[in-house]
K.L.:
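Before we start, here is the structure in question, set down as structure tokens.
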Amino acid sequence: MILRFYVLDVSYEVVGREPHILIWAISEDGERIVIRDKNFRPYFYVIPSNEGELSRLLSEVRRLSNVRSPIINAEVVNKRFFGRPIKVIKVTTVIPEAVREYREAIKKLKGVADVVEADIRFSMRYIIDRDLTPCSWFEAEVAEMRKRPSLRVSKEYELVGNVKPLQIHKPPDIRVLAFDIEVYNPRGTPKPERDPVIIISLMNSEGDLNVIKASGNEFRSDAKLISDFINYIHTYDPDVIVGYNSNGFDWPYLLERSKIHGIQLDVGRVVGGVPRTSVYGHISIPGRLNVDLYDLAEEISEVKIKSLDVVAEYLGVMKRIERVLIPWYEIYRYWDDPSRRELLIKYSLDDVKSTKGIADKILPFAMQLSSLTGLPLDQVGAASVGFRLEWYLMRAAFKYNELIPNRVERPYEPYKGAIVLEPVKGVHENIAVLDFTSMYPSIMIKYNIGPDTYVDDECDDQSCHVIPELGYKFRKEPPGFYKSVLETLISMRKSIRDAMRSLNPDSVEYKILDERQKALKILANASYGYMGWVGARWYFRYGAEAVTALGRETISKAIGLARKLGIRVIYGDTDSLFVEYCPKVDEFIKLVMDELGLEIKVDKIYRRVFFTEAKKRYIGLTLNNTVDIVGFEAVRGDWAEIAKEVQESVAYTVLTEGKVTRAIELVNNVVKDLKEGRISLDKLVIWKTITKPLDEYEVSAPHVSAAKRLIELGGKVDVGDKIGYVVVKGSGPISSRAYPYIVVRIEDVDVDYYIDHQIIPAALRILEYFGVTEKQLRTSSKTTKTLFDFGKRG
DNA sequence: AACCAGGCTTC
DNA sequence: GACGTGCCTGGTT
């Protein structure tokens, strides 16, 4: 029979002595199914040192065959390696696990230059070779077989013919389950060996909400909670499970708690298939797609702070002011206090609703990324940008008959990057931020940059591009691997955008295509960083170096053109220019296109923007009167809340009202409040991450000594933990006075430290420019100057 | 003055 | 289970 199905995931199992590919899918009529392909075999390639060795090598390779997993085929085939035609031996065996053994044995043979494509996971090999991308529709000839009882699906089929892609964009109805756990945390960072899970909140595709609570003595027993959770999953049977930082927190935590209770966290579609850590640090659940939305939220560059509430607000899912927000370190207090427990439950529900809402907004994008890269949905979010692009490149290489290079360990070699201009300090009115569109990808295409186009010998500038500063040469023709891939990505994106023009923007079809064009853009934009990444299969340092050199040349020339037109340039970084917004800007944009062959566009307009002398830091007032704070302390996580609040209000006050006096008053009041003990301790906590084992630190930083004190107190500190410390009264270095916030009483706080090293510097960073002195900030005065008295002198 | 460390999230 | 470099800052040595 012919079956149409939507692919969720691909895995494999070895049955007897035969590998079976399992395609997890949803059939056209909505059934959850598995299609078994028994006819796919693992293989890899052997590159000879010279082609004369081929026939000898062929027979030596064949002789290595063993009975456990015989070499069922070895033949000479024509491939390309970095663009050059090459003859290699293709070796095919039976059991995927045997590939490694054969690879090692063959590497040792005389006359073998290298063995490639022996490090590609079997299920990914299948996805590449059959072009069976997840999150896409296919059709195939199948035969229904008796369903194995170990599989929690409704039907099982065996693949008989070939799979054929279908041109259907709309996915079937997928069951998505969002979940969120709350943990009892009376001692800072919760530890699964002592702190129970107290709440699990759930929300499914139908919008049903559920709360599972800890029970028993003091409501701190979570054994039943865990088994209720497992039962819920079996009953609802989700295809996709989403959480926020669930790979980093919820799943590992639940796994540890289950182990303590001796419960098997059997939540998959294979009986006994428990979640386990898999590739890219994601948690894999057999037969279901476990997606951590926090990984995907990292794509949203507009949001600086990637917390659940902020991301949900940005995506229009839930407003922060309309939801319950509880600081994480207070969770246990709400749980212990019967009058506040309901509020905690409400908080947890708001979290799970936000999680589900974020899933609705970004899963469509992730699904497109999955279908483009071939990485299953649960991996595509967890895979770093480099790996996503790499899988796309590997699929492209297969189509071009190019061999996929091995991942090799290389030393890290830094190279020169972009230009950052010295800002013109002060307040500027009416400023346009211009951006080169996809500067680095455009450069890679324009100059045909890549490992296969680099020319080592003589080459004149007729047939080669010669790179400024470096003198490296890249041949103009034919297009290299990177250029071909980038041009394909860009032309695919263009045709999608053309197709979108004839669609209603509210239609499902339009939205799906929009997500696809965004995914294409992201892949293209990752290409330069990927080429300069030492871990990349297609790493090429000369190429990455050439791209930044050409970028520096491009922006310098653009600045020259702006000046020629008499347009004042205020600031610039890599591919952006802040210029005064005047009618000549249009002319400038045209001139850049004509002279440099690259597109530059107005990205943003500020009514007012303020720079100190520092690079990468500014505050801007947008056309709709919101304030952008970039780079300053207010948007960083390692400053005390009180200092961030002060700086944010100062920024807002000077930009919108232009009143320095008001800003000074504001700081005065906070200083006074602090001195008189009216600021709560949690606004004084400074949070910093422990990034390596404590004994590896060469200096005694405050957060490190606070962490050591936490251990003395019987606590546990792991790499990655955030340590919250408060500086207390006394003498000596700060680190000797940094204590974990949980042991500090408000009356022991070194108020002067917070005034001198947090509030004053944060406020002064902005106000210093307006002639405000440290003294004025400490004590009230009667200044009446406004921002504009100072603003025009810059 | 020269260095190291951090810059991000979940509870 | 690292896409790049550049930059700022505080604290220690």
Side-chain angles (χ1 to χ4, degrees), chain A residues 180-185 188-192 195 197-199 243-253 277-282 292-295 297-298 304-308 310-311 326-332 348 351 355 379 382-390 407 412 414-420 440 522 525-536 539 541 544-545 547-548 551 573-574 612-617 631-633 635-639 686-692 697-705 720-722 733-736 738 757-758 761-762 765:
Chain A
D180 179 52
I181 71 171
E182 307 301 329
V183 171
Y184 194 67
N185 57 350
T189 302
K191 299 287 175 219
D195 302 316
V197 177
I198 49 183
I199 302 171
Y244 203 81
N245 199 25
S246 52
N247 284 337
F249 184 75
D250 304 56
W251 283 118
Y253 209 94
T277 305
S278 175
V279 280
Y280 316 122
H282 92 290
D292 185 345
L293 298 167
Y294 172 57
D295 293 331
E298 285 184 345
K304 291 278 173 288
I305 299 161
K306 302 291 184 348
S307 57
L308 176 56
V310 173
V311 171
I326 295 175
W328 64 265
Y329 47 84
E330 297 258 354
I331 302 262
Y332 74 98
S348 182
D351 268 3
T355 304
Q379 290 178 39
S384 61
V385 173
F387 286 107
R388 290 178 195 168
L389 177 63
E390 189 153 85
R407 187 175 294 290
Y412 170 67
Y415 59 91
K416 208 169 147 196
I419 291 182
V420 185
Y440 286 169
I522 278 179
N525 285 347
S527 51
Y528 149 72
Y530 174 83
M531 186 167 62
W533 170 39
V534 286
Y539 169 71
R541 193 178 77 116
E545 245 185 307
V547 172
T548 56
D573 182 349
T574 314
T612 65
E613 56 288 307
K615 295 173 175 185
K616 296 197 184 275
R617 296 188 156 203
F632 282 106
E633 288 75 6
V635 293
R636 297 168 57 94
D638 55 346
W639 280 69
I686 297 165
W687 296 94
K688 270 199 164 70
T689 316
I690 296 294
T691 57
K692 55 186 178 186
Y697 279 89
E698 287 173 36
V699 293
S700 50
H703 70 300
V704 177
S705 67
D721 281 356
K722 246 195 191 318
I734 310 294
S735 54
S736 73
H757 292 96
Q758 292 277 319
R765 199 87 63 209

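Proteins come first, then strands; the chains are lettered A, B, ... in the order of their sequence lines, and each starts at number 1.
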K.L.:
So, using side chain to side chain contact (heavy atoms under 4.5 Å, CB included) as the criterion, who are the partners of Val279(A) when residues are at least two apart?
P.N.:
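Arg121(A), His282(A), Gln379(A).
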
K.L.:
Taking any heavy-atom pair under 4.0 Å as a contact, classify Ile419(A): base, sugar-phosphate, or nothing.
P.N.:
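Result for Ile419(A) = nothing.
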
K.L.:
With a 4.0 Å limit, can you tell me whether Ser307(A) has a side-chain N or O closer than that to the phosphate oxygens OP1/OP2 of dT9(B)?
P.N.:
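Checking dT9(B) against Ser307(A), no side-chain N or O comes under 4.0 Å of OP1 or OP2.
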
K.L.:
Please examine the side chains of Ile690(A) and Tyr697(A), heavy atoms only from C-beta on, and report whether any two atoms are closer than 4.5 Å.
P.N.:
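Contact flag for Tyr697(A)/Ile690(A) side chains = yes.
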
K.L.:
Answer with base, sugar-phosphate or nothing: what part of the nucleic acid does Ser246(A) contact at a heavy-atom distance below 4.0 Å?
P.N.:
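No contact at all - Ser246(A) keeps every heavy atom at 4.0 Å or more from the nucleic acid.
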
K.L.:
Can you check the Asp250(A) CG to dT9(B) C1' distance for me, whole Å?
P.N.:
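Taking CG of Asp250(A) and C1' of dT9(B), I get 12 Å after rounding.
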
K.L.:
Are any protein N/O atoms closer than 3.5 Å to N/O atoms in nucleotides 2-4 of chain C? If there are, list each pair with its distance.
P.N.:
from, atom 1, to, atom 2, distance (Å)
dC3(C), OP2, Ser384(A), OG, 2.2

K.L.:
Within the structure shown, what part of the strands sits under 4.0 Å from Thr355(A) by heavy-atom distance: base, sugar-phosphate, or nothing?
P.N.:
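The answer is nothing, as Thr355(A) stays clear of every strand by at least 4.0 Å.
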
K.L.:
Any non-hydrogen side-chain atom of Tyr253(A) less than 4.5 Å from a side-chain atom of Asp195(A)?
P.N.:
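A side-chain contact exists here, since the closest heavy-atom pair is under 4.5 Å.
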
K.L.:
Please report the interatomic distance CD1(Ile326(A)) to CG(Asp351(A)), rounded to the nearest 0.5 Å.
P.N.:
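The CG atom of Asp351(A) is 9.0 Å from CD1 of Ile326(A), to the nearest 0.5 Å.
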
K.L.:
Which residues satisfy the side chain to side chain contact (heavy atoms under 4.5 Å, CB included) test with Arg765(A), sequence neighbours excluded?
P.N.:
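Applying side chain to side chain contact (heavy atoms under 4.5 Å, CB included) to Arg765(A) gives Arg617(A), Phe632(A), Glu633(A), Trp639(A), Gln647(A), Pro761(A).
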
K.L.:
Classify Leu389(A) by what it touches in the nucleic acid, base, sugar-phosphate, or nothing, heavy-atom distance under 4.0 Å.
P.N.:
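No contact.
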
K.L.:
What is the distance from CG of Leu293(A) to C1' of dT9(B), rounded to the nearest Å?
P.N.:
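So the CG-C1' distance, Leu293(A) to dT9(B), works out to 13 Å.
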
K.L.:
Got Tyr440(A) and Thr548(A) here, is their nearest side-chain heavy-atom distance under 4.5 Å?
P.N.:
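They are in contact (side-chain heavy atoms under 4.5 Å apart), so the answer is yes.
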
K.L.:
Tyr332(A): which residues meet the ring-ring contact (aromatic ring centres under 6.0 Å, His included) condition with it, sequence neighbours left out?
P.N.:
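ring-ring contact (aromatic ring centres under 6.0 Å, His included) check on Tyr332(A) returns nothing, list empty.
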
K.L.:
For dT9(B) versus dC8(C), give the span between their C1' atoms, rounded off to a whole number of Å.
P.N.:
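Straight-line distance between the two C1' atoms is 22 Å.
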
K.L.:
What distance separates Asp180(A) CG from Ser348(A) OG, expressed to the nearest 0.5 Å?
P.N.:
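If I round to the nearest 0.5 Å, the distance is 5.0 Å.
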
K.L.:
At less than 4.0 Å, is any side-chain N or O atom of His703(A) found next to OP1 or OP2 of dG6(B)? Yes or no.
P.N.:
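Yes.
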
K.L.:
With a 4.0 Å cut-off, would you call Lys615(A) and Asp573(A) a salt bridge?
P.N.:
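Here Lys615(A) does not pair with Asp573(A) in a salt bridge, since their nearest N and O are not under 4.0 Å apart.
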
K.L.:
Between C1' on dT9(B) and CG on Asp292(A), what's the gap in Å once rounded to a whole number?
P.N.:
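About 9 Å, once rounded to whole Å.
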
K.L.:
Find the distance between OH (Tyr244(A)) and OG1 (Thr355(A)) and round it off to the nearest 0.5 Å.
P.N.:
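The OG1 atom of Thr355(A) is 8.5 Å from OH of Tyr244(A), to the nearest 0.5 Å.
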
K.L.:
Along nucleotides 8-13 of chain C, 5' to 3', which nucleotides get a B, which get an S, and which get a -, given that the test is a protein heavy-atom distance under 4.0 Å?
P.N.:
SSSSSS

K.L.:
Across the strands shown, which category fits Lys191(A) at heavy-atom distances under 4.0 angstrom: base, sugar-phosphate, nothing?
P.N.:
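Counting heavy atoms under 4.0 Å across all strands, no contact is made by Lys191(A).
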
K.L.:
Could you give the distance separating dT10(B) and dC3(C) at their C1' atoms, to the nearest angstrom?
P.N.:
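The answer is 24 Å between these two C1' atoms.
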
K.L.:
Can you figure out which of dC7(C), dT10(B), dA5(B) approaches the side chain of Tyr697(A) most closely?
P.N.:
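In terms of side-chain proximity for Tyr697(A), the closest of dC7(C), dT10(B), dA5(B) is dA5(B).
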
K.L.:
Distance check needed: dC8(B) C1' versus Asp295(A) CG, whole Å only.
P.N.:
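Rounded to whole Å, this separation is 12 Å.
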
K.L.:
For Val197(A), report the nucleic acid contact type (base, sugar-phosphate, nothing); a contact means any heavy atom under 4.0 Å.
P.N.:
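Here Val197(A) touches no strand at all.
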
K.L.:
Measure from the side-chain N and O atoms of Ser705(A) to the backbone N and O of Ser735(A), and report whether any donor-acceptor pair falls under 3.5 Å.
P.N.:
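Indeed, once roles are kept as given, a pair shorter than 3.5 Å links the two residues.
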
K.L.:
With heavy atoms under 4.0 Å as the rule, sort Asn247(A) into base, sugar-phosphate or nothing.
P.N.:
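Asn247(A): no heavy atom of the nucleic acid under 4.0 Å.
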
K.L.:
Whether the side chain of Asp250(A) engages the backbone of Ile181(A) through a donor-acceptor N/O pair (distance < 3.5 Å, no angle test) should be reported.
P.N.:
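Looks like yes, one N/O pair under 3.5 Å.
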
K.L.:
For Tyr280(A), which contact category applies under a 4.0 Å heavy-atom criterion: base, sugar-phosphate, or nothing?
P.N.:
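The answer is base, as Tyr280(A) lies within the cut-off (heavy atoms under 4.0 Å) of a base atom.
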
K.L.:
Rounding to a whole Å, what distance do you find between Ile686(A):CD1 and dC8(B):P?
P.N.:
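Going from CD1 in Ile686(A) over to P in dC8(B) covers 14 Å.
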
K.L.:
So what does the secondary structure string of DNA chain C come out as, 5' to 3', with Watson-Crick or wobble pairs under 3.5 angstrom, [ ] for crossing and | for pairs with another strand?
P.N.:
......|||||||

K.L.:
Measure the spacing between NE2 of His703(A) and OG1 of Thr691(A) and express it to the nearest 0.5 Å.
P.N.:
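Taking NE2 in His703(A) and OG1 in Thr691(A), the distance rounds to 6.0 Å.
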
